Amino acid sequence: MKQILFVWLLLLTVNAHAQLIDTLVNARPYRLHVRMLKGKKAPILFESGGGQDASQWDSIAAVVHQRLGATVITYDRAGFGQSSFDTAGYTILQEIKSLEKALHQFGYRNTPLLLVG
């Protein structure tokens, strides 16, 4: 509980120009939960793994955004956190395509991203 409070306090202290987007994106066949801190520099996409959702990055996402001025994107992979999951049609290729669809909806099409895993 203390850690969650700390993360929210951290988010409140982020540069006043930062825009926090916290939404579910229709990226068929999944709905992906995306959190984004918009910045002026190249986007950094944090990829969750090891059976965890995007909350594993909460403690550093705001700090990275503040210090680098970059757009920071975290998301819950299909079936984790607040994202939906289609057990019948799941393939790793479909998961990649859904992430691409989600990123396209934010204007990131053929945009170089720094991937952090």
Side-chain angles (χ1 to χ4, degrees):
M1 186 65 173
K2 287 181 184 178
Q3 186 178 19
I4 293 171
L5 179 60
F6 173 73
V7 170
W8 281 110
L9 287 174
L10 235 164
L11 287 174
L12 291 174
T13 62
V14 171
N15 184 336
H17 300 292
Q19 177 187 5
L20 174 64
I21 298 169
D22 187 344
T23 188
L24 280 173
V25 176
N26 189 358
R28 291 190 172 109
Y30 312 117
R31 289 182 54 87
L32 297 179
H33 177 235
V34 177
R35 287 181 54 103
M36 181 183 310
L37 286 164
K38 296 285 281 179
K40 296 187 186 288
K41 296 186 181 171
I44 302 170
L45 175 66
F46 286 85
E47 178 68 38
S48 301
Q52 295 196 30
D53 62 21
S55 66
Q56 79 180 91
W57 299 112
D58 284 351
S59 63
I60 65 167
V63 175
V64 169
H65 167 77
Q66 186 177 26
R67 290 193 181 165
L68 300 180
T71 295
V72 173
I73 306 165
T74 63
Y75 76 104
D76 294 331
R77 294 176 61 192
F80 293 92
Q82 296 178 39
S83 292
S84 67
F85 188 62
D86 175 14
T87 57
Y90 177 80
T91 66
I92 190 67
L93 182 58
Q94 185 56 57
E95 188 169 343
I96 293 166
K97 288 179 180 180
S98 291
L99 175 59
E100 287 177 336
K101 287 177 190 176
L103 292 171
H104 291 173
Q105 290 181 42
F106 291 105
Y108 299 112
R109 181 181 297 269
N110 300 319
T111 303
L113 300 167
L114 175 61
L115 181 62
V116 177

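Because the structure is a prediction, the values reported are computed rather than measured.
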Pairwise distance CG(Asp22) to CD(Gln82) - rounded to 0.5 angstrom: 6.5 Å
For Arg31, what residues pass the salt bridge (Lys or Arg N to Asp or Glu O under 4.0 Å) criterion, not counting sequence neighbours? none
According to salt bridge (charged side-chain N to carboxylate O under 4.0 Å, His left out), does anything in residues 59-73 pair up with another residue at least two apart or in another chain? List the pairs. none
Working to the nearest 0.5 Å, report the span between OG1 of Thr91 and CG of Asp86. 9.5 Å
Look only at the side chain of Ser83 and the backbone of Asp76, and say whether a donor-acceptor pair between them is shorter than 3.5 Å. yes
Would you please name every residue forming a side-chain contact (heavy atoms from CB on, under 4.5 Å) with Glu47, sequence neighbours left out? Tyr75, Arg77, Leu99, Leu115
Those residues at least two apart in sequence (or on a different chain) that pass side-chain contact (heavy atoms from CB on, under 4.5 Å) with Gln105 are Val25
If I compare all heavy atoms of Ser48 with all of Ala54, which pair ends up nearest, and what's the gap? OG-CA, 3.2 Å
Residues in side chain to side chain donor-acceptor pair (under 3.5 Å) contact with Ser55, at least two apart in sequence or another chain: Asp53
Least distance between heavy atoms, Leu113 atom then Pro43 atom: CD2-CG, 3.1 Å
Can you list the steps and then say if Val72 with Arg35 is a side-chain contact (heavy atoms from CB on, under 4.5 Å)? CA-CA 8 Å; Val72 173; Arg35 287 181 54 103; over 6 Å; no
Is the closest side-chain heavy-atom distance between Val34 and Ile21 below 4.5 Å? no
By side chain to side chain donor-acceptor pair (under 3.5 Å), Tyr30 pairs with (sequence neighbours left out) none
For Ala27, what residues pass the side-chain contact (heavy atoms from CB on, under 4.5 Å) criterion, not counting sequence neighbours? Leu32, Ser98, Lys101, Ala102
Supply the atom-to-atom distance Lys38 NZ to Ile73 CD1, rounded to the nearest 0.5 angstrom. 7.5 Å
Scan for ring-ring contact (aromatic ring centres under 6.0 Å, His included) pairs involving residues 89-117, sequence neighbours excluded, and state none if there are none. Phe85-Tyr90
Per the ring-ring contact (aromatic ring centres under 6.0 Å, His included) rule, what does the pair list look like for residues 38-64, sequence neighbours excluded? Phe46-Trp57
Applying ring-ring contact (aromatic ring centres under 6.0 Å, His included) to Phe80 and not counting sequence neighbours gives none
Rounded to the nearest 0.5 Å, how far apart are OG1 of Thr74 and CG of Asp58? 6.5 Å
Please tell me whether Met36 and Leu45 are part of a single hydrophobic cluster in this structure, the criterion being side-chain heavy atoms less than 4.5 Å apart. yes
Between the NZ atom in Lys97 and the CG atom in Leu93, the distance rounded to the nearest 0.5 Å is 4.5 Å
Checking side-chain contact (heavy atoms from CB on, under 4.5 Å) for the pair Val116/Val64: CA distance, chi angles, key distance, verdict? CA-CA 12 Å; Val116 177; Val64 169; over 6 Å; no
